Undergrad: 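Next up is a structure, given as structure tokens.
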Amino acid sequence: MPANVIEESQRIPALSQLGVSPALLQMASGQLPHPALASCTSGPPYYLYHGAVAPAGPPVLALWDIGDQVIAIRVRTSGREYICFSIEAPDEVEPLATTEQGFWATQFDFMYELDMEIETLHAVAEAVGYRFLPMQLDSRAAMEARPDAAHRHGQWLSELVASIDAAQPTY
């Protein structure tokens, strides 16, 4: 196991100490607060505890795997960072968000892209405590109405997450 990965036996206590929500803690434990969340995970983290390499830098606290991707949190001096990285290219880290609500925005975008029913998205948002789904859906509809929507998705999502992160208290 890489030296900067939180020990598997300490992962859930460390997540609890970080103050993640009960829903995120539940998912990190391999339980789903709503069945539709199965689309976001292939189960508790496996790769980092069985030979995969973690990104260089601060300690990595794995949340779960999805395919060959690891979803994790790392704490930098500037604060918490939710990240995604491939076990094939661990140093190509994709920063997702700096707050849990911002992180959920990325997960809800993924579920929306899977053509999940709007009613299901609302039920999942309630199950995990995601407060920004109505704003996200309205913002996405406005973005999709633009002629350049196909080229703006990544920028739109980054701006949405940044606005959600900015609206959250930091700790």
Side-chain angles (χ1 to χ4, degrees), residues 11-12 15-16 18-47 60-74 79-89 92-171:
R11 192 174 67 80
I12 298 301
L15 286 168
S16 293
L18 272 180
V20 301
S21 71
L24 193 61
L25 195 58
Q26 193 177 2
M27 280 191 70
S29 298
Q31 304 163 7
L32 301 176
H34 190 283
L37 287 164
S39 64
C40 296
T41 178
S42 53
Y46 175 83
Y47 299 121
V60 173
L61 188 50
L63 291 169
W64 57 78
D65 294 339
I66 180 159
D68 69 349
Q69 303 286 309
V70 177
I71 306 297
I73 299 173
R74 61 184 178 184
R80 192 178 301 180
E81 180 181 41
Y82 291 79
I83 61 171
C84 176
F85 63 91
S86 168
I87 61 169
E88 302 296 328
E92 294 177 16
V93 175
E94 178 184 358
L96 299 174
T98 59
T99 66
E100 188 173 326
Q101 289 290 302
F103 169 72
W104 282 121
T106 66
Q107 301 306 288
F108 277 85
D109 182 65
F110 179 74
M111 290 183 280
Y112 184 94
E113 290 286 320
L114 294 175
D115 293 325
M116 196 170 286
E117 297 288 329
I118 299 299
E119 296 79 21
T120 303
L121 289 173
H122 281 285
V124 175
E126 186 174 328
V128 301
Y130 179 53
R131 300 183 306 274
F132 294 91
L133 182 62
M135 180 192 77
Q136 183 170 351
L137 294 174
D138 289 346
S139 175
R140 185 176 183 120
M143 183 270 300
E144 288 179 339
R146 294 178 52 150
D148 62 344
H151 303 290
R152 286 197 34 85
H153 180 263
Q155 180 183 354
W156 164 80
L157 184 57
S158 293
E159 290 170 358
L160 174 73
V161 170
S163 71
I164 291 170
D165 284 347
Q168 299 304 297
T170 56
Y171 23 147

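All figures in this text were calculated on a predicted structure; none of them were measured in a lab.
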Undergrad: Excluding sequence neighbours, so at least two apart, what forms side-chain hydrogen bond (donor to acceptor under 3.5 Å, both in side chains) with Trp156?
TA: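 Checked Trp156 against side-chain hydrogen bond (donor to acceptor under 3.5 Å, both in side chains); matches are Ser139.
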Undergrad: Compare all side-chain heavy atoms of Gln107 with those of Tyr130 and state whether any distance is below 4.5 angstrom.
TA: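 Gln107 vs Tyr130: side chains apart.
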Undergrad: Any idea which heavy atoms bring Ala97 and Val161 closest together, and the distance?
TA: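 Heavy atoms of Ala97 and Val161 come nearest at CB-CG1, 3.6 Å.
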Undergrad: Quick check: do Met111 and Leu121 have side-chain heavy atoms less than 4.5 Å from each other?
TA: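 Yes. Closest side-chain heavy atoms under 4.5 Å.
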Undergrad: Return the minimal non-hydrogen interatomic distance between Val20 and Arg80, and the atom names on each side.
TA: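 Distance-wise, the nearest heavy atoms are CG1-NH1, 4.2 Å.
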Undergrad: Do the side chains of Arg140 and His153 get nearer than 4.5 Å, heavy atoms only?
TA: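 With C-beta onward as the side chain, the pair touches.
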Undergrad: Looking only at heavy atoms, which two atoms of Ala62 and Ala72 are closest? And how far apart?
TA: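 Shortest heavy-atom contact: CA-CB, 3.8 Å.
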Undergrad: After noting the C-alpha distance and the side-chain angles of Arg74 and Val93, does the key distance pass the side chain to side chain contact (heavy atoms under 4.5 Å, CB included) rule?
TA: CA-CA 11 Å; Arg74 61 184 178 184; Val93 175; 3.7 Å; yes
Undergrad: Name all residues meeting the ring pair (Phe, Tyr, Trp, His ring centres under 6.0 Å) criterion together with Tyr46; count only those two or more places apart in sequence or in a different chain, and write none if there are none.
TA: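 Checked Tyr46 against ring pair (Phe, Tyr, Trp, His ring centres under 6.0 Å); matches are His50.
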Undergrad: Among all residues two or more places apart in sequence or in another chain, which pass the side chain to side chain contact (heavy atoms under 4.5 Å, CB included) test with Glu117?
TA: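 So Glu117 forms a side chain to side chain contact (heavy atoms under 4.5 Å, CB included) with Glu119, Thr120.
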Undergrad: What residue pairs, at least two apart or across chains, pass salt bridge (Lys or Arg N to Asp or Glu O under 4.0 Å) with a residue in residues 26-35?
TA: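 Every pair satisfying salt bridge (Lys or Arg N to Asp or Glu O under 4.0 Å) with a residue in residues 26-35: there are none.
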Undergrad: Going through the checks in order, is the side chain to side chain contact (heavy atoms under 4.5 Å, CB included) test met by His122 and Leu137?
TA: CA-CA 10 Å; His122 281 285; Leu137 294 174; 3.8 Å; yes
Undergrad: Between atom OH of Tyr47 and atom CD1 of Ile87, what is the distance when rounded to the nearest 0.5 Å?
TA: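 The OH atom of Tyr47 sits 5.0 Å away from the CD1 atom of Ile87.
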Undergrad: Would you find a donor on one side and an acceptor on the other, under 3.5 Å apart, between the side chain of Asp68 and the backbone of Ser86?
TA: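 Flag not set: sc Asp68 to bb Ser86 has no pair under 3.5 Å.
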Undergrad: Could you measure the distance from the SG atom of Cys84 to the CZ atom of Phe103? Nearest 0.5 Å is fine.
TA: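 It is 9.0 Å, given to the nearest 0.5 Å.
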Undergrad: In this structure, are over 12 heavy atoms from other groups packed under 6.0 Å from Glu159 atom CD?
TA: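 Yes, CD of Glu159 has more than 12 neighbouring heavy atoms, counting only those of other groups under 6.0 Å.
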Undergrad: Please tell me if the side chains of Ile73 and Leu63 come closer than 4.5 Å, counting only heavy atoms from C-beta onward.
TA: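 Side chain of Ile73 against side chain of Leu63, heavy atoms only: contact under 4.5 Å found.
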Undergrad: What pair of heavy atoms forms the shortest contact from Trp64 to Gly43, and how long is it?
TA: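 Closest pair (atom of Trp64, atom of Gly43, distance): CB-O, 3.2 Å.
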Undergrad: Can a side-chain donor-acceptor contact be found between Asp165 and Thr99 if the only test is distance below 3.5 angstrom?
TA: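 There is such a pair between these side chains.
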Undergrad: Minimum heavy-atom separation for Pro134 to Arg131, with atom names?
TA: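 That closest heavy-atom pairing would be CD-O, 4.1 Å.
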Undergrad: Go through the steps for Met135 and Leu160 under the test side chain to side chain contact (heavy atoms under 4.5 Å, CB included), then give the verdict.
TA: CA-CA 9 Å; Met135 180 192 77; Leu160 174 73; 3.5 Å; yes
Undergrad: As an exercise, state the distance from CD of Gln136 to CE of Met143, rounded to the nearest 0.5 Å.
TA: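 Here the interatomic distance stands at 10.0 Å.
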Undergrad: Counting distance only, does the side-chain N/O of Arg11 pair as donor-acceptor with the main-chain N or O of Pro45 below 3.5 Å?
TA: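 Not a single qualifying donor-acceptor pair exists.
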Undergrad: Rounded to the nearest 0.5 Å, how far apart are CG of Leu61 and OH of Tyr82?
TA: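 Rounded to the nearest 0.5 Å, the CG-OH separation comes to 9.5 Å.
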Undergrad: Spell out, as yes or no, whether a donor-acceptor pair under 3.5 Å connects the side chain of Ser29 to the backbone of Gln31.
TA: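 Checking the backbone N and O of Gln31 against the side chain of Ser29, no donor-acceptor pair under 3.5 Å is found.
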Undergrad: Gln101: what forms a side-chain hydrogen bond (donor to acceptor under 3.5 Å, both in side chains) with it, not counting sequence neighbours?
TA: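 side-chain hydrogen bond (donor to acceptor under 3.5 Å, both in side chains) list for Gln101, sorted by chain: empty.
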Undergrad: Taking Ser21's backbone N and O only, do any of them form a donor-acceptor pair with Glu100's side chain (distance below 3.5 Å, no angle check)?
TA: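 Answer holds: yes.
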Undergrad: Would the number of heavy atoms belonging to other residues, nucleotides or ligands and lying under 6.0 Å from CD of Glu92 be above 12?
TA: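 It does not: Glu92 CD has 12 such atoms or fewer within range.
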Undergrad: Search all heavy atoms of Gly67 against all heavy atoms of Ser42 and return the closest pair with its distance.
TA: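 Taking Gly67 first and Ser42 second, the nearest heavy atoms are N-OG, 3.2 Å.
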Undergrad: Can you name the side-chain hydrogen bond (donor to acceptor under 3.5 Å, both in side chains) partners of Thr106, sequence neighbours left out?
TA: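 Scan of Thr106 (side-chain hydrogen bond (donor to acceptor under 3.5 Å, both in side chains), adjacent residues dropped) gives none.
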Undergrad: If you apply the rule side chain to side chain contact (heavy atoms under 4.5 Å, CB included), what do you find for Ile71 with Thr41, and how did you get there?
TA: CA-CA 9 Å; Ile71 306 297; Thr41 178; over 6 Å; no
